Every structure is written in structure tokens, then in C-alpha cells.
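No hydrogens, no waters, no symmetry mates; every other heavy atom, side chains included, goes into these values. Since this is a predicted model, take the numbers as computed values, not measurements.
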Amino acid sequence: MEIQEIKVLRGPNRWSIRRTELIQMRLDIGEYETLPSNQIEGFTERLFRLIPSLYGHRCSMERAGGFLHRMLDGTWIGHIVEHIALELQCLASMECGFGRTRSTGREGVYNVVFSYMYPKAGIFAAEAAVRLADSLAKGLPFDLESCLEQLARIGRGERMGPSTQAIVDAAKKRGIPWRRLDGHSLVMLGHGKNQRRIRATMADSTSSMAVETVQDKHLAKQVLGANHLPVPIGTVISGISDLEGAIDRLGYPVAIKPLDGNHGRGVSSHVVDLPAARSAFEKAQNHSADVVVEKHIRGEDYRLLVIGYRLVAAARRTPAHIIGDGRSTVGELIEAENSDPNRGEGHECTLTRIEVDHQTLGILEENGLDMDSVLALGTRLLLKYTANLSTGGTSEDVTHLVLPATRAMAERAARVMGLDICGIDLVARDICHPIGGENGAIIEINAAPGFRMHTHPSKGRARDVGMEVVDMLFPPGVPFRIPIVAVTGTNGKTSTVGLLAHIARTAGKKTGCTTTEGIFIDGQCITEGDCSGPQSAATVLSDPLVGYAVLECARGGILRAGLGFDSCKVSILTNIAEDHLGLDGIDDLDTLARVKGTVLETTQPDGLAVLNADDPLVRKMAEGLSCAVGYFGLERSPLIMEHFSAGGAVAFVGEGWLTLGWNGELQKIAEVSKIPLTMDGKFDCMVQNCLAAVLAARASEIPVHAIRDGLSTFCPDEKMNIGRMNTFQVGSSTLMVDYAHNSHGYRELGKYLARIGPCRKTGVITATGDRRDGDIAEIGTICAQIFDKLVLRTDSDCRGREPLEIIELLLRGIRAQDPEKEVVIEMEEGKAIRRALDALEEGGLLFISSDDSRGTLEIVKNELSAREGGREYGT
């Protein structure tokens, strides 16, 4: 078997709209194409003996054992790899359950698709599943334990911490889109101007000044004390020579901690003699030059969690400990405790494994014990000084026990510090009595407090504190999305996006858009190039300025990684025509339509899918959509009027006017011939783009006057619509630059050029190398019908073909249409344009097909400027 390709899908995709995180592996199963599972002796038995939990896979039979029956009846190994990849992840504590295996249309080659929790783990599972299946099919051993250990290690490295995950899970429950911005805990919730960001349990609303203040433990205690909040007395020292004097003033027992430590690191409590104090000081100085020495407060350890200046949870924390049984040694008791499946490395489980470190050994020595000592029955031995969960401590929810006065004290402490999310460490003999005096004090205020003790307490009720953070950031009624218009189709996407973004900006919206020409934020291009994929969409949706997004969604991006958003307010499907067929397993128009239909299916139920009524394949896409549909067309067709009569939204050309049907009323928006983008109303595909944009704008609640203004001021020039019918006057002649690159686009161009009147027309054309032979030849045939003379060139990137091969295919199509057609071959683009300009007749038309719009326009302007003695040229 051979893995040909692995893709990580992160958004709605051709396989699923809801299951956005999928691995898509293109797998050539080789010899196994003729060997279903029931013809490989012993294969099924070996597989289920190695991974007996596969029996739980229901497969298409919808019952446990379904997959086993499929294997016994005979199924292909690609399908088996899918199930193994899923189960490997489950066995490594990553629950995954969705899978699909489908033929690519090429013999023995399959798309194996399955869900993942973490991308790198999903890729590893794909590769391991192939190795495992191949090994067992051949009767060879496979080291499953080692595989699962490595997979679990990869998963641990990719997963978010439990606190961050709690907030993300809460956001998911509320339908708030989220995106991880780094490999750790920086997460964006929401979109554009309505976004909020968290980093672990700090929010973008968390004051950095407050964080710095609480990191200085002595300063924080001074602020709290000055506001009459209960704190232990103490002092800060920087040298061990000051230690004895500090203890003399305070008296034993004392607590010694680093001034700016966290997570209990370097903290020693209940220090009762000078040798222990010196050891504690040195330990604290490993974490901070300055050390806090304070009076030890007797009592139990509590954590009060305040979010949005409101107490939301409280937990009693107990340090890692063991209880003697009269038989087992300390080491054996620790090992038994660590064998609890709820304990794991770091934050991977509810509890953390207890590590025997110098602190543990020191406690044993203080008690006259070692690892081989046997604890008496019922004897409780603390193994750590602090109760942090990260050092093996346990927690019990006591939120219901907190007195109103204690609640008010905690909330006031958070307000005094200016910390909207904080953990207040409290030591008290009894949480059921007021805090202060003999009953405890606030020991510490923590920024970015851990949530695990509240979300997964060892005892008591779990608290959904992640939702408390989400509700603080997005109170009821506060928006977290921005309107997204997603535009797809074979041709016309970029012009439609550009026009709609211009209309939105005319209406005063801060607009971000993505196209094949770049990313634009509020009209400014922030990066050039083909930006029609999911990563570019994510860039727009991450920009805090953007309140309205118009996103071009090309076939390639959808297939490569899925969409860059989970849903849109409006979707547009311009047309479906033959282009890119034969690539990525897309061999026919129906399959291409399904891929582009992904965009329509993400339209929100209260949104609008804008469809081209003139395109039969597009019309068919209305079936099964859960949102409303709006149709646009060049004529007042029966379909459009029936849809309008039924209450639907429509846009069409009637008596020369772009007409909008909305909420049961027909309204003339603009004379088509006066809309610059339509080229005097003669370019049908541009008229359709305008119709689609008008419907989308109205569905976005943009007022009609702004739509009219936008239509009248958006021009097909290099500033507003680069590379799309950009026109130059050269004396009495006309030069056009356009991104025509497929048969459908050239046919539309031919219809337009036929309407502009008789003149000698020359075309500088090329074709994209990764298209099928027939597609390239067809471009030649169509261009032979349009142009009197053709200049053939090639792109700098021929996408896997030899340049001469592209020329030969174009010539084949040209000669099939007109054997006598005048053809010039000039491979390099600059030379081809120069040669065509040299031969341009007065009153003639020169059309130049561009691949790199900016590059082509730069060549054209330089050539024209040189011929006109340095005059600057613009469209």
C-alpha cells in the first residue's frame, strides 16, 4: 500500500458540513484491490485479537459487531484502515467516531476519511493504521503498545490545557466560533470586530497592571491589607542574612515563598525551625530573587474563583497524600495512588500523578520515614506542602458552603485588585464561618487561575466555570459573529466579491474580503496573490476592524482544507462550468457542483443562498437547503417570477433595468447600461455578477440607496477590479486585460466582443497546464472563433506540463476550428505582448489573457509608457 496524500481538513468540507475536523488520506491499496478481507487468511482474527475494542464499531449495520461482520463478509482494506485509525485514537484517549472511505474513481485508489481531535495525532493515526493493516494482512507482528504510547504523546503535546478547553467547550455550546491562534492557549472567540481573545484563563479584558500587581505577592498583600481585607503579616527579604531577623519579628510557624512565583513552585508552609527556614529560603530563591516570609496561617486550603467580579466556585484543596493500611510501604502506597486511572501526566487527566521529589523526600525525613517505611493503618501522610492539583493534590467543591460575607469579601478583593478573572487562595479553619482573626486570611491572589479543580473536582459538584468566562465576554444579546457573504462558482467570483465589498463600504461598513488577487481590509490590500482559501478567510475574520466579510471560496481551498468559517449569512453560487476537472478526484460537473455546494450548505437558516437561475446545475442546488433561496437571471423568466410570487427574493433585468424583487415588491435599482461593471450592459456575465451582488447586499440589510451608489461607482479598472476587463485606450485602438482562463470564461468574452462592433481583434492567450488535454484544446477552438489573430504564450508556471505541450494543444483546437487562422507563437509573456502591440492596427482591439494580473498590467503599462514617451498609463 502507498499513501499518496494526507490532507488535514479544518472546516466544512465535501465530506461533512458539521464534522469539520477530518483527515483525508488518498490511499493506493495496491495488491489488496483484489483481496477483500475474507480472502486474506487469518486477517480478521489477527486484527480483532490485537484490537478487541474494534468489536464496538457498528459500521453500516448500526449495531456492535457490525464492522466485524463486514470483515467476515469481505470488505476492502481502505475501509479497514479507516476503522483502525479511529480506534487507535480512541485507545490513546482521543475519542473519534466519524469515517468514510470512498473510491477516487481510479482503480485501487481510495479516499480514506476519518475524524481527529488533534491534527498531528490524526496524521500519525493514518500512517500507523496503514502500517498495522499491512502487517497483520501479511501475518507480521505489530507493536501496538509502542504505537499507542507515541500517539498519546503526540496528543498530549497538541491538546489545550483543561482550563482553556473548558472555555472553548462553553463557547461551542453557545455556538460561538473559535480558533486557536498558536500551539498553546491563545484562542480567538467570535469574528472580526465582535471577537474576544483568551489566553488560558486570562481574557483580553484582564488588566495587565492587575496581573503584574498580583505577581508581586508582597505588593498584592499590601493592597489587600490597606483595604481592610484579611491577610497574614509578613515581609520581603533578598538575602539569607535577613531571614532570622524576619522570623524573630513574626514568630514560628512561617510560610516562605518566592515573591513572584506561581503554581505553588518554591513555596514552603508551616516552617518551624531555622534549618528548615534556610532550606525553604534557598528553594524560594530558585524561583525569585526576592522572598516573602510571612506568618503561617493554620487551617485548610481553599480556592475561591471570581469571574467578572462574581464568585462562581469554591474548592477545598488537599495536598497529595497517602493513607496507611498497616502493610504497604510508602512507595507502594504512592504507586497504588498513581495507578488510579484518573491520574495522568500534567493536565491530561482529572488528577495529576504524584511525583516523588525533594519536597516529598524532605517531608518523609521530617517524619522519620523513607520510601520503605510502612504506614500504620489509617495514618494520613501529606506528601507536599502545597495543595496544587499540578503536584498531585485533590479538590472538593464547597461552593454551597461559602457564606454571603465570604462571597462579598472575595468579590471585593477581586475589585480592589482590578482582576476580572482571579483565583483567591484562602486558608481557614472553617469555611462555614466568617474569614479573619483566628479563622484564616487571604494568602494569595492568582491571575490566570486553573479551572480543573472546579470543572473536575475529586468530590462534589462540577462547576461549568468555562461558561462563566464566556458569559462574561459575551453577555446575552452581545453579538459574537459578523455577517459573512461566501461567494463560489466557476467564474465571476472575484468581480462579485469586489463589487459587494465596495457596496458594503459605500454603506459605511468596515469590510474585509478575500479574492484570487489578494486580501483587502477596508479597501486596502494587505497581501497580494491568490487568497481564495480558508487561511485567507481566517485572516479577515481575525481582524478586529472588520464588521462585514465577503469571502471568495475557490474549489481548491475547499478540497485542500475545507472552508475557513463554520457558517455564513449569505452564500452566492455564480455558475458551474467545466474547469479544474480531472484534478483532486473531481472528474465531472455533478461532483464539482457538490464541492461548491459545501458553501451553500453552510448558510445559516435565517440567511439567503443566492443562485444563478440561468444555470441548470446551479438551480438544482436549491434542493435540500435549509435556508431561503434568492434567484438572479438575465431575464424575467417564469422560474424567477414564480419564485417571487411565492415570496422569494429575486433580481433580474427587466426593460433594461436591474430590478430587485424583495419582500413582495419589485423595485428598479439601476439602468444596466449605466453600471460601469457591465461594460455598457453588453457583458452578460458581469451583469449576472451585479445581480448576485445586489441580492446579497439586500440580504445583508444594506439600504437600496447605498446599493445604487455602489453600482454606479465600482469600475472595471486595476484599482477596483484588478485583472478583470481592465481597459486602456491606445489612440483609436482598445487594449483589454482579463483573467479569462477556461472555456466558459472565453465563451462569455466572445459574446461581449461580438456586441462591441466590427474591428480587427487580436488575442494574446494561454492555458493553464494542469487542465485536461481536451480543455486546453477547447480554449484554442473558442479563441479561433473570437479573434482574427492569435498570439500564443505560456505562463511562467506551466503546472507540470512542458510549455510546448500547451502550445501544441492550443494549436490543435485552433486548427480544428480554422486551419488558416493567423497564429504567432511567442512563449514569453512580455515578448508576446510587445509583438501584439507592434502589430495592433488603428481602431483594432487587443485582448490579453493574464495569469498574474499585476504582472501582466505592469508589462502593459511599461510598454505603453515607452511608446508614448514616458506617459503614465492607467485603466
Side-chain angles (χ1 to χ4, degrees), residues 213-226 228-303 316-321 357-368 381-388 391 393 413 423-431 435-446:
T213 299
V214 300
Q215 284 176 338
D216 185 328
K217 299 185 188 304
H218 187 63
L219 174 59
K221 190 175 66 174
Q222 286 181 315
V223 173
L224 293 170
H228 305 286
L229 289 157
V231 293
I233 59 172
T235 188
V236 177
I237 62 175
S238 55
I240 199 164
S241 60
D242 300 322
L243 178 62
E244 191 169 352
I247 293 175
D248 286 343
R249 291 191 298 275
L250 296 171
Y252 289 112
V254 294
I256 298 176
K257 62 183 75 173
L259 180 67
D260 54 0
N262 54 36
H263 297 292
R265 297 186 183 98
V267 175
S268 300
S269 60
H270 201 255
V271 177
V272 296
D273 57 43
L274 192 57
R278 286 175 175 153
S279 175
F281 176 85
E282 292 173 358
K283 183 171 69 173
Q285 270 209 325
N286 288 331
H287 301 276
S288 171
D290 294 322
V291 173
V292 175
V293 182
E294 63 186 24
K295 187 68 177 175
H296 174 73
I297 305 296
R298 297 179 185 274
E300 293 188 284
D301 188 298
Y302 295 92
R303 164 63 65 82
R316 179 187 289 118
R317 301 188 299 178
T318 303
H321 64 278
D357 57 11
H358 70 278
Q359 185 178 128
T360 305
L361 296 175
I363 291 173
L364 291 175
E365 185 178 351
E366 289 172 11
N367 289 274
L381 176 67
L382 297 183
L383 301 172
K384 305 290 180 183
Y385 290 117
T386 61
N388 297 72
T391 60
I424 299 175
D425 287 346
L426 189 73
V427 171
R429 294 182 178 180
D430 190 346
I431 194 67
I435 306 302
E438 293 298 314
N439 191 37
I442 296 173
I443 302 300
E444 191 169 303
I445 304 283
N446 295 274

Practice item. Search all heavy atoms of R303 against all heavy atoms of R317 and return the closest pair with its distance. Key: NH2-NH1, 3.5 Å
Practice item. State the CD1-CD1 distance between I435 and I424, to the nearest 0.5 angstrom. Key: 11.0 Å
Exercise for review: Kindly indicate whether the side chain of D248, heavy atoms from C-beta on, has any atom under 4.5 Å from the side chain of E244.
Suggested key: yes
**Study point:** Donor-acceptor contact below 3.5 Å, side chain Q285 vs main chain S238
**Key:** yes
Point to revise | Minimum heavy-atom distance between P258 and A284, given as atom pair plus value | key: CB-O, 3.6 Å
Practice item. May I ask you to decide if G423's main-chain N or O and N446's side chain share a donor-acceptor pair within less than 3.5 Å? Key: yes
Exercise for review: List the atom of D273, the atom of Y252, and the distance in Å for their closest heavy-atom pair.
Suggested key: C-OH, 3.2 Å
Practice item. Might you point out which heavy atoms bring G251 and K295 nearest each other, and give the distance in Å? Key: O-NZ, 3.1 Å
**Study point:** Greater than 12 external heavy atoms within 6.0 Å of E438's CD
**Key:** no
Check your understanding: Among V271, I237, D242, which one satisfies side-chain contact (heavy atoms from CB on, under 4.5 Å) with V293?
Key -> I237
Check your understanding: Does the side chain of K257 pick up a donor-acceptor pair with the side chain of S268 at under 3.5 Å?
Key -> no
Check your understanding: Can you check whether D301 reaches I443 side chain to side chain, under 4.5 Å on heavy atoms?
Key -> no
**Study point:** From CA spacing to verdict: side-chain contact (heavy atoms from CB on, under 4.5 Å), L383, I363
**Key:** CA-CA 7 Å; L383 301 172; I363 291 173; 5.5 Å; no
Review point. Looking only at atom types and distance, does a side-chain atom of K384 sit under 3.5 Å from a main-chain N or O of Q359, one as donor and one as acceptor?
Key: no
Point to revise | Shortest non-hydrogen contact from I442 toward P232 | key: O-CD, 3.2 Å
Check your understanding: How far apart are the closest heavy atoms of A277 and I247, and which atoms are they?
Key -> CB-CD1, 3.5 Å
Check your understanding: D357 and T391: side-chain contact (heavy atoms from CB on, under 4.5 Å), yes or no, with the steps?
Key -> CA-CA 10 Å; D357 57 11; T391 60; over 6 Å; no
Check your understanding: Which distance, rounded to the nearest 0.5 Å, do you find between the NE2 of H218 and the CD of Q222?
Key -> 4.0 Å
Review point. How many angstroms lie between CD1 in I431 and CG in L426, if you round to the nearest 0.5 Å?
Key: 5.0 Å
Check your understanding: If you measure from CZ on R298 to CZ on R429, what distance do you get to the nearest 0.5 Å?
Key -> 7.0 Å
Review point. Between N439 (side chain) and D430 (backbone), is there a donor-acceptor pair under 3.5 Å?
Key: yes
Review point. Between CG of D425 and CD1 of I297, what distance do you get to the nearest 0.5 Å?
Key: 13.0 Å
Review point. Salt bridge check: are E294 and K221 linked by an N-O gap of less than 4.0 Å?
Key: yes
**Study point:** N367 side, atom CG; L381 side, atom CG - distance, nearest 0.5 Å
**Key:** 5.5 Å
